[in-house]
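Report on one structure; see the data block that follows.
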Amino acid sequence: MRIHLRELLTRAIEKTAQGGALNSTELPPVLLEPPKQREFGDLATNVAMLWAKTAKKPPRAIAETILKNLEDPDGILARKEIAGPGFLNFAFAPKFYYQRLRELAAGKEAALDLGHGAKVQVEFASVNPTGPLHVGHGRVAVIGDVLARLHEATGFKVEREYYVNDAGKQMENLGLSLYARYRELFGEKVDFPEDGYPGEYVTEIAAEIKQKDGDKYLKETKDVAVDYFRRYGGHSLLETIRRQLGEFGIEFGRFFYETDLTRAPLRGRSEVAITIDHLRERGLLYTEEGAQWFRSTQFGDDKDRAVIKSDGELTYFASDIAYHRNKFERRFAKLINVWGADHHGYVPRLKAALRGLGYDPEVLQVVLVQMVQLTRGGEPVRMGKRTGEFVSLDEVLEEVGRDAARFFLLMRKSDSHLDFDLDLAKRQSSENPVFYVQYAHARVASIFEQALKNGVAWNSAQRKIVPVERLELTEEMELIRKMSQINDVLEESVRELEPHRIVFYLLDLAGEFHRYYNRCRVISEDEDLTRARLLLVENTQKTIRRGLEILGVAAPLKMAAR
RNA sequence: GCGCCCGUAGCUCAACUGGACAGAGCAUCAGACUUCGGAUCUGAGGGUUGGGGGUUCGAAUCCCUCCGGGCGCGCCA
């Protein structure tokens with residue numbers, strides 16, 4: 001919707017500037033937005049007010065000049081006026097809406113190309129394979145997935161990547177935990193490791209190993225056994241995680257293993273070693289108390305960070321720098337990391353390291369995702385991975401289904417806490433937002449079912465000759481208006497990396513449709529009007545489907561029987 | 001103690017990043033179909049945007065301060 005007016009407006013502004021109305025050569029940014037008050041029209045801009053400062057002229061005078069210079073050859077504007085302190089308000093003519101509907105029907109508006117094929121990588125989930133995913137992970141995963149879908153839908157070339165931390169102490173703890181459970185299965189009394197993983201799944205994997213190899217690892221040395229268990233457990237749990245994500249509709253293009261960075265090839269050095277060398281060559285490392293430190297304070301971090309410990313071991317940070325260096329070397333136009341918000345303190349040091357290596361840290365954008373609080377009947381559901389009692393993603397999926405789960409996890413801005421009401425999510429009623437949107441989609445399908453029964457002719461030839469001018473109701477204009485906002489919403493959503501905007505938009509659009517449905521009947525004796533209305537609701541349905549697709553939520557033709 | 005995030009209607013949250021009288025859903029109350037699915041719609045009430053100060057034409061949004069909640073602050077990962 002926005003782009004059509006933006007062109008006209010930009011031209012008018014340029015003309016005004018050439019007329020010498022502006023002291024500076026710098027033009028103010030043209031921000032067009034739907035005003036909060038509907039009476040103010042369809043779109044409003046504050047350029048005249050922004051301009052007032054540099055031009056040293058009253059905003060209303062500037063606005064007047066812009067209006068005078070505004071040409072509207074096609075007559076898409078019904079109203080253009082100056083309001084309040086200097087806003088320019090615009091309202092579209094019905095003609096404009098008819099154009100939008102025709103273009104929508106022709107599939108033209110569905111192609112939004114903001115990326116022009118630019119390569120974007122989204123790295124998300126990336127949970128250590130030491131246990132199954134819980135809802136918190138689910139939120140991160142769904143947000144990452146939708147950011148990827150959103151970029152795909154707006155003309156970017158997207159790669160989804162999962163970084164597997166398979167090199168560190170947590171994997172070691174997994175191995176020790178399995179080893180302990182394994183021996184318990186043979187009736188031994190063992191002290192469970194302090195930092196071990198207490199979950200039931202550990203025992204299950206240990207039992208699997210026992211089933212397969214019997215008491216083989218009782219006879220091995222502890223080191224050999226634990227090493228095997230670590231690798232076996234890691235594989236097994238990564239498979240579990242993959243399956244869990246798969247059931248959520250999430251697939252990755254690549255799993256990137258930390259060990260590929262830490263292991264040196266036959267002749268040569270590991271990527272981490274190479275990366276650390278780069279930092280050293282740039283004079284960004286120093287030794288203190290036997291450890292090697294990166295001068296991250298030079299780049300805005302609170303304190304310097306260790307990359308090599310005094311025992312010669314690498315820190316996690318070291319491999320993460322190497323990982324991101326690797327990403328930068330793969331030449332993405334944009335790198336997006338989706339992290340749990342508990343890692344927020346980690347962002348400055350990583351960006352510091354990237355700057356230190358000579359990369360532009362702005363290329364990397366980190367989306368932080370806050371925690372999920374599950375509630376059931378208003379009561380919070382206790383969770384805590386440490387204690388082993390947590391609600392796994394499987395249980396949520398089982399209880400509320402994929403669509404509701406995804407929709408609910410996307411309903412909030414990622415940096416605010418999310419209350420996930422399990423009772424509400426599985427309720428099949430009007431209170432449940434996901435049904436509200438899906439129902440709108442299904443409702444259109446049932447209108448078409450009815451139309452078919454009535455013998456209404458509806459094919460691609462018919463669609464082209466629909467007399468859209470027969471649409472005259474306010475509700476019909478509002479519906480088209482709402483539909484034509486989708487590209488604006490996607491644009492904002494991808495710019496701000498905020499998928500929740502799409503959710504709110506779809507709720508809005510569905511509401512607009514339900515209102516219309518209640519206001520009047522689509523199918524009537526009047527054939528021309530019927531066809532015009534069929535075109536209208538068909539494209540509403542198409543628009544809803546397009547949005548739901550980006551969310552990875554099904555757009556059903558029928559709702560399940562209640 | 002220091003840093004980051006959050007605080008908006010009874011509840012859960014929006015507000016296009018500084019714009020106009022702060023908007024939705026739920027809950028509450030009052031209404032609407034003999035016809036395309038009532039999983040719907042219409043209307044009403046509900047606010048000093050945690051408190052106070054500042055910046056400017058203009059603040060929920062930016063700055064300072066206080067209160068309250070969350071998360072970080074390892075030679076852990």
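Every chain is numbered from 1 and lettered A, B, ... according to where its sequence line falls, protein lines coming before strand lines.
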Within the side chain of [X], is there an N or O that forms a donor-acceptor pair under 3.5 Å with the backbone of [Y]?
X	Y	value
A/Arg305	A/Thr297	no
A/Asn165	A/Asn128	no
A/Asn89	A/Gly41	no
A/Gln298	A/Arg295	no
A/Asp421	A/Leu424	yes
A/Asp526	A/Leu529	yes

Phosphate OP1/OP2 of [N]: any [X] side-chain N/O under 4.0 Å:
X	N	result
A/Arg521	B/C33	no
A/Lys413	B/A15	yes
A/Gln37	B/G23	yes

Between [X] ([atom1]) and [N] ([atom2]), how many Å, whole number?
X	N	atom1	atom2	answer
A/Ile523	B/C36	CD1	C1'	5 Å
A/Glu39	B/G23	CD	C1'	14 Å
A/Leu479	B/C41	CG	P	13 Å
A/Asp415	B/A14	CG	C1'	13 Å
A/Met559	B/G37	CE	C1'	11 Å
A/Asp423	B/C11	CG	C1'	15 Å
A/Ile486	B/C16	CD1	P	19 Å

Please measure how far the [atom1] atom in [N] lies from the corresponding atom in [M], and state the result in whole Å.
N	M	atom1	result
B/C41	B/G47	C1'	27 Å
B/G52	B/C67	P	15 Å
B/G43	B/C26	P	13 Å
B/C63	B/G74	C1'	33 Å
B/U8	B/G69	C1'	15 Å
B/G7	B/G68	C1'	8 Å
B/A20	B/C5	P	24 Å

Requested in this report: Return yes if a side-chain donor-acceptor contact under 3.5 Å exists between A/Glu123 and A/Ser126, otherwise no.
Outcome: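 Result is yes, a qualifying pair exists.
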
Report task. Would you tell me whether A/Asn539 and A/Arg463 have side-chain atoms, one donor and one acceptor, within less than 3.5 Å of each other? Result ->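 Absent: no donor and acceptor within the cut-off.
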
Requested in this report: Determine the interplanar angle of the A/Phe256 and A/Tyr323 rings, folded into 0 to 90°, and report it as parallel if under 30°, tilted if 30 to 60°, perpendicular if over 60°.
Outcome: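 It falls in the tilted class, 30° to 60°.
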
Query raised in the report: Is the A/Tyr517 ring parallel, tilted or perpendicular to the A/Phe513 ring (thresholds 30°, 60°)?
Result: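 Rings of A/Tyr517 and A/Phe513: tilted, as their planes differ by 30° to 60°.
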
Nucleotide nearest [X] when distance is taken to its side chain, options [options]:
X	options	value
A/Arg515	B/A20, B/C41, B/U35	B/C41
A/Tyr439	B/A39, B/A20, B/A15	B/A39
A/His514	B/C41, B/U12, B/A20	B/C41

Requested in this report: Kindly determine whether A/Phe124 and A/Trp339 satisfy ring pair (Phe, Tyr, Trp, His ring centres under 6.0 Å), including the steps that lead there.
Outcome: CA-CA 7 Å; A/Phe124 62 105; A/Trp339 283 353; over 10 Å; no

Report summary line: Base-pair string, RNA chain B, Watson-Crick plus G-U, cut-off 3.5 Å on both distances, | for inter-strand, is (((((.(..((((.....[...)))).(((((.......))))).....(((((..]....)))))).)))))....

Report summary line: Relative to its sugar, using the 90° cut-off around 0, the base of B/C21 is syn

Query raised in the report: Glycosidic conformation of B/U17, syn or anti, with 90° from 0 as the boundary?
Result: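 In terms of base orientation relative to the sugar, B/U17 is syn.
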
Query - A/Phe408: ring pair (Phe, Tyr, Trp, His ring centres under 6.0 Å) partners, not counting sequence neighbours - result: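 Counting only residues at least two positions away or on another chain, A/Phe408 forms a ring pair (Phe, Tyr, Trp, His ring centres under 6.0 Å) with A/Phe420.
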
Query raised in the report: For A/His514, what residues pass the ring pair (Phe, Tyr, Trp, His ring centres under 6.0 Å) criterion, not counting sequence neighbours?
Result: A/Tyr436, A/Tyr439

Show the distances under 3.5 angstrom between N or O atoms of the protein and N or O atoms of nucleotides 55-58 of chain B.
none

Query raised in the report: How does protein reach along nucleotides 70-77 of chain B, written 5' to 3' as B (base within reach of a heavy atom under 4.0 Å), S (only sugar-phosphate), or - (no contact)?
Result: SBSSSBSB

Query raised in the report: Tell me, which of residues 498-510 of chain A have any heavy atom that sits under 4.0 Å from an atom in RNA chain B?
Result: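 Nucleic-acid contacts, sorted: A/Glu498, A/His500, A/Arg501, A/Phe504.
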
Requested in this report: For A/Glu527, look at atom CD and say whether over 12 heavy atoms of other residues, nucleotides or ligands are found less than 6.0 Å away.
Outcome: no

Query raised in the report: Considering residues, nucleotides and ligands other than A/Lys309, do more than 12 of their heavy atoms fall under 6.0 Å from its NZ?
Result: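 Atom NZ in A/Lys309 is crowded, with more than 12 foreign heavy atoms closer than 6.0 Å.
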
Query raised in the report: Taking for each residue the nucleotide of RNA chain B with the nearest heavy atom, is it A/Gln450 or A/Asp419 whose nucleotide lies nearer the 5' end?
Result: A/Asp419

